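Just below is one structure, and these are the notes that go with it.
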Amino acid sequence: MKKGDHLFLVDGSGFIFRAFHALPPLTRKSDGLPVGAVAGFCNMLWKLLTDARDTSVGVTPTHFAVVFDYSSKTFRKELYDAYKANRSAPPEELVPQFGLIREATRAFNLPCIEKEGFEADDIIATYSRQAEAVGADVTIISSDKDLMQLVTPNVHMYDSMKDKQIGIPDVIEKWGVPPEKMIDLQALTGDSTDNVPGIPGIGPKTAAQLLDEYGNLDALLARADEIKQVKRRENIVANADLARLSRTLVTLRTDVSLDVPLDQLVLENQNGPLLIGFLKTMEFNTLTRRVAEACGCDASAIEPAPVKIEWGPAAHGPDLEIGELQAEDGAATVASPVAGPAFASAALPSGPTPADLVKARADAFHGKTIDIGDYQTIRDLPTLEVWIAAARESGLVAFDTETTSLDPMLADLVGFSLAIADNTHSAGTTEIRAAYVPLAHKTGVGDLLGGGHADGQIPADAALTALKTLLEDPSVLKVGQNLKYDYLLMKRHGIVIESFDDTMLISYVLEAGRGNHGMDALSERWLGHTPIAYKDVAGSGKSSVTFDLIDIDKATAYAAEDADVTLRLWMVLKPRLAADGLTKVYERLERPLIPVLARMEERGITVDRQILSRLSGELAQKAAAFESEIYELAGERFNIGSPKQLGDILFGKMGLPGGSKTKTGQWSTSAQVLEDLAAAGVELPRKIVDWRQLTKLKSTYTDALPGYVHPQTKRVHTCYSLASTTTGRLSSSEPNLQNIPVRTAEGRKIRTAFISTPGHRLVSADYSQIELRVLAHVADIPQLRQAFADGIDIHAMTASEMFGVPVEGMPAEVRRRAKAINFGIIYGISAFGLANQLGIERSEAGEYIKKYFERFPGIKDYMESTKAFARENGYVETIFGRRAHYPEIRSSNPQVRAFNERAAINAPIQGSAADIIRRAMIKVEPALADAGFGERVRMLLQVHDELIFEVEDDAVADAMPVIVSVMEHAAMPAISMRVPLKVDARAATNWDEAH
DNA sequence: CCCCAACCGTA
DNA sequence: GTACGGTTGGGGG
């Protein structure tokens, strides 16, 4: 072990105790063996191992050990016979679990440590001090106050149940003394649970105050006669020896002779088959499934490991030395009460690799016929309950809703479908059955009395009550396709889906940039199957009907097939995450965002229709004025909004010099072309540009937005798409609230219509220059890093470096050019593009770029290495490992290739920034809840580098620092950025002023 | 009725 | 030079 390493020490006995008491008792299904504590222990360990690598603890362990008490016979008992004498014997049902928990530890491939005569705490203390001595960091997984004496700047404790780290300040806050005085404090207070006597009448508060005053226990005892309070003085004088004895008892030994040296505690990789074998034996189906998914194993191909259970009073069993477990020859036999060959031996069972599972699943599902005639229609509650029970037993179910609208805020539930895998064959063959549950179908439309409730449907409230038990059961994985839709819809019915996967998001993580991730496309790609087209059941265009008017038999085929296909896609796609090393991206950047975005969409934002209506009127008047002037100048009336007609007027009739052609050969009438003509002194083009701006604002915003106000909530609910960009950004639609005008004064007026509810403010918090900061980080550019560290004007710095102009008194034009170059770099610069942007010659732009690369050679290196990586792999990666694919990067067409190269250069920058704000969004709600804000602060919108919240007036001042802090540290602890992130936040009653 | 091109709003 | 979505006009089926 060396400096920089990180040792995790789990207080195994503490874990057992907490697992046993925190959870309802659980017995093994097949033989009634109590395994509740084993289950709790395994779940806690699994959570710790997966979380520890990222957010919860904030550090990645290099070394790891689970430490147990050996028995109750310790040196302390020798010292003081009454030590822990009042401890009652462990509960009967816990006894057989002690051995199992040690087996569990080994199944997790973790060192399992104990030592005769010592408590776990002494071993932990010894390892801690040894690790500290070589400069390593230590995290002790426990919240036991007995261990707090070990806390130093390098040694932390971590309460995994409360997800809370305990450092020196936390000890002081809790006990009133720093960690090094904890021993004296415990000596004074004693400990009733361990029967440590202490001094009667002295509790933690008094003890802390005394230690503060006298410094330490010895000084206190020596000067006890100075204590003013009579009773207290007498107690202390009379019991000084007891206090000294107590001190010995609570002082942890740091000199335990360790059987397993520190260096052997290296954290090994998870051995999937080993762990799964054990978990299957324990019949922990949910955890088995999770582990199998995480490590890409096919659980059905792994046999339960033989584990001998010993009933009876033996709490510990024969001596077990960890050294034997780690014997290199793998031949060590361990006579543990529960040892089975698969666990006692260092020869680990071999199982299918993630790649094997990927292939097996692809073979099993691609091209397999899907019989849509086999689907069942569930028309009564008992049948539904049977299906739900089967789904819960299986632990895996695909779920899909059918509704009357694509907008989840307006949709009415019409029915839902379920698909279950009957995975009975250990060979891995899987039978899938699916069913549709109609709830609100109506009788035929042709019917004169049409529109009535159709017969043979379960009452919706009864069906939803049954469904709720399934969807909210965390031990059943719900699989959906575009699950955010169903999540939001079910949330509107009071059901909060717990434990879920989304095949659309899995596909997006695997192959962003390679086609879309809709179900039909995925089905074609992975299953070789064309699902029934929606328009084939609902019709299209004017003759289309809503789903409630579709015949139930036809609806069953369509809806059940969707669930069926979704489950098949999950089978095929999910193992690919592990095989491609993308599980973390999916689990940390994608899946958690589903509930976050669903809540944001459900909340919506208030838009003042009066303001918009007034603006519409103003825009109409101004546009009309321009129209008459335009007709006057053109000499005729025409459709100004038609680029074709406008081109004919300008370049045909008026004979103006055409600037450029579009790719279809038409004259371009772009704003750029019109501006150029205006600059040359022609009057008409300027008016066209102004007219276009006004009509754009009117048609896209002031006229359209009121139509999105929800009839019930009176708010506007945008829809965020998680899977529609190549880079990892979100997109927003219906309405798009990510392109509300801001650049012109006229446009900004539209933002004043986005308002907070009375008694609240809108708080806008936006990242400053996040993409340039990401660039400075990934390309590691010293000048950029320095400039950001110093908080100086980044564009002025660039200009100064390039042109040798001092920042003081720099002409605006010089800075403007540098700014354009900085943006150009992010976009994968070309001389052509930069020349266009700045209105300069290509050759001059080329000179700028050359100069820039001379000053910042690291940027050139970054661009070249990114292009090379993309050419080699067909994708690029963000700093968090998200992939963006560019399948055309090797195109023989130079234009196509160059375009893909620029996009590939841009993607890690734009995508890393997108990942950072995603992390902020996932973290900010829990952080605000922890800070006690609850629903007083509600996140409403995301605009790529900006988050908008609605905050109760009284909470604004206190909530803003929390928001800013979460955003600025959002990359941590996964990535420690080489540049600081900066967030600006403002509060106002409308979006314009808050921004 | 559907789709595409052109244009333009945002980061 | 990157990434999106919405509106309009206009052509083709």
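Computed from a predicted structure; not experimentally measured. Letters A, B, ... mirror the listed sequences (proteins, then strands); counts begin at 1.
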Give the nucleotide from the list [options] with an atom nearest to the side chain of [X].
X        : options               : answer
A:Asn739 : C:dG5, B:dC2, B:dA11  : C:dG5
A:Glu734 : C:dG5, B:dT10, C:dG6  : C:dG6
A:Asn639 : C:dG5, C:dA3, C:dG9   : C:dG9
A:Gln910 : C:dA3, B:dG9, C:dT7   : C:dA3
A:Arg743 : C:dG10, B:dA11, C:dT7 : B:dA11
A:Phe899 : C:dG6, C:dT2, B:dA11  : C:dT2
A:Ala903 : B:dC7, C:dT2, C:dG10  : C:dT2

Presence of salt bridge, [Y] and [X], under 4.0 angstrom:
X        : Y        : value
A:Lys860 : A:Glu854 : no
A:Arg751 : A:Glu746 : no
A:Glu872 : A:Lys867 : no
A:Arg817 : A:Glu844 : yes

Q. So, does the side chain of A:Asn736 form a donor-acceptor pair with the base of C:dG5 at under 3.5 Å?
A.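 Check fails, no donor-acceptor contact within cut-off.
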Residue-phosphate contact under 4.0 Å: [X] side-chain N/O, [N] OP1/OP2:
X        : N      : answer
A:Ser642 : C:dG10 : yes
A:Arg729 : C:dC4  : no
A:Gln942 : B:dA11 : no
A:Arg692 : B:dC8  : yes
A:Thr725 : C:dA3  : no
A:Thr726 : C:dC4  : yes

Q. Are side-chain N/O atoms of A:Tyr631 and A:Glu627 paired as donor and acceptor at under 3.5 Å?
A.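 No, because no side-chain N or O of A:Tyr631 sits under 3.5 Å from a partner of the opposite role on A:Glu627.
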Q | Under 3.5 Å side-chain donor-acceptor pair for A:Glu511 and A:His517 | A |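 No pair is found: no donor N or O on one side chain lies under 3.5 Å from an acceptor on the other.
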Using atom [atom1] of [X] as one end and atom [atom2] of [N] as the other, report the distance to the nearest whole Å.
X        : N      : atom1 : atom2 : result
A:Tyr720 : C:dA3  : OH    : P     : 21 Å
A:Gln837 : C:dT2  : CD    : P     : 12 Å
A:Ile688 : B:dA6  : CD1   : C1'   : 15 Å
A:Glu946 : B:dG9  : CD    : P     : 18 Å
A:Tyr508 : C:dC4  : OH    : P     : 8 Å
A:Lys867 : C:dT2  : NZ    : C1'   : 15 Å
A:Phe823 : C:dA3  : CZ    : P     : 16 Å
A:Gln645 : C:dG10 : CD    : C1'   : 10 Å

Check every strand shown and say whether [X] touches a base, only sugar-phosphate, or nothing at a heavy-atom separation below 4.0 Å.
X        : answer
A:Ala704 : sugar-phosphate
A:Ala904 : nothing
A:Thr695 : nothing
A:Ser721 : nothing
A:Gly824 : base

(Q) I'd like to know whether the aromatic ring centres of A:Tyr852 and A:Phe856 sit less than 6.0 Å apart in this structure. (A)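 Yes; A:Phe856 has its ring centre under 6.0 Å from that of A:Tyr852.
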(Q) Please name the nucleotide paired to C:dG13 by Watson-Crick or G-U wobble geometry with both distances under 3.5 Å, or report none. (A)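 Because no pair has both required distances under 3.5 Å, C:dG13 counts as unpaired.
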Q: Over all heavy atoms of both residues, which pair between A:Ile755 and A:Glu950 is shortest? Give the atoms and the distance, please.
A: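 Closest heavy-atom pair between A:Ile755 and A:Glu950: O-OE2, 4.2 Å.
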Q: Please state whether the rings of A:Phe803 and A:Tyr848 are parallel, tilted or perpendicular, taking 30° and 60° as the class boundaries.
A: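 Correct class here is perpendicular.
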Q) What residues in residues 664-674 of chain A put a non-hydrogen atom under 4.0 Å from any atom of DNA chain B? A)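 Going residue by residue through residues 664-674 of chain A, the ones with a heavy atom under 4.0 Å of DNA chain B turn out to be A:Thr664, A:Ser668, A:Thr669, A:Ser670, A:Ala671.
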Might you list the N or O atoms of the protein lying below 3.5 Å from N or O atoms in nucleotides 11-13 of chain C, with each pair's distance?
none

(Q) Test your reading of the model: is there a side-chain donor-acceptor pair from A:Thr752 to the backbone of A:Lys749, 3.5 Å cut-off? (A)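 Side chain of A:Thr752 to backbone of A:Lys749, a donor-acceptor pair under 3.5 Å: yes, one is there.
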Q.
Would the distance check show the side chain of A:Asp502 and the main-chain N or O of A:Asn482 forming a donor-acceptor pair, the cut-off being under 3.5 Å?
A.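 Indeed, once roles are kept as given, a pair shorter than 3.5 Å links the two residues.
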Q) Among all residues two or more places apart in sequence or in another chain, which pass the side chain to side chain donor-acceptor pair (under 3.5 Å) test with A:Glu993? A)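 Partners of A:Glu993 under the side chain to side chain donor-acceptor pair (under 3.5 Å) test: A:Asn990.
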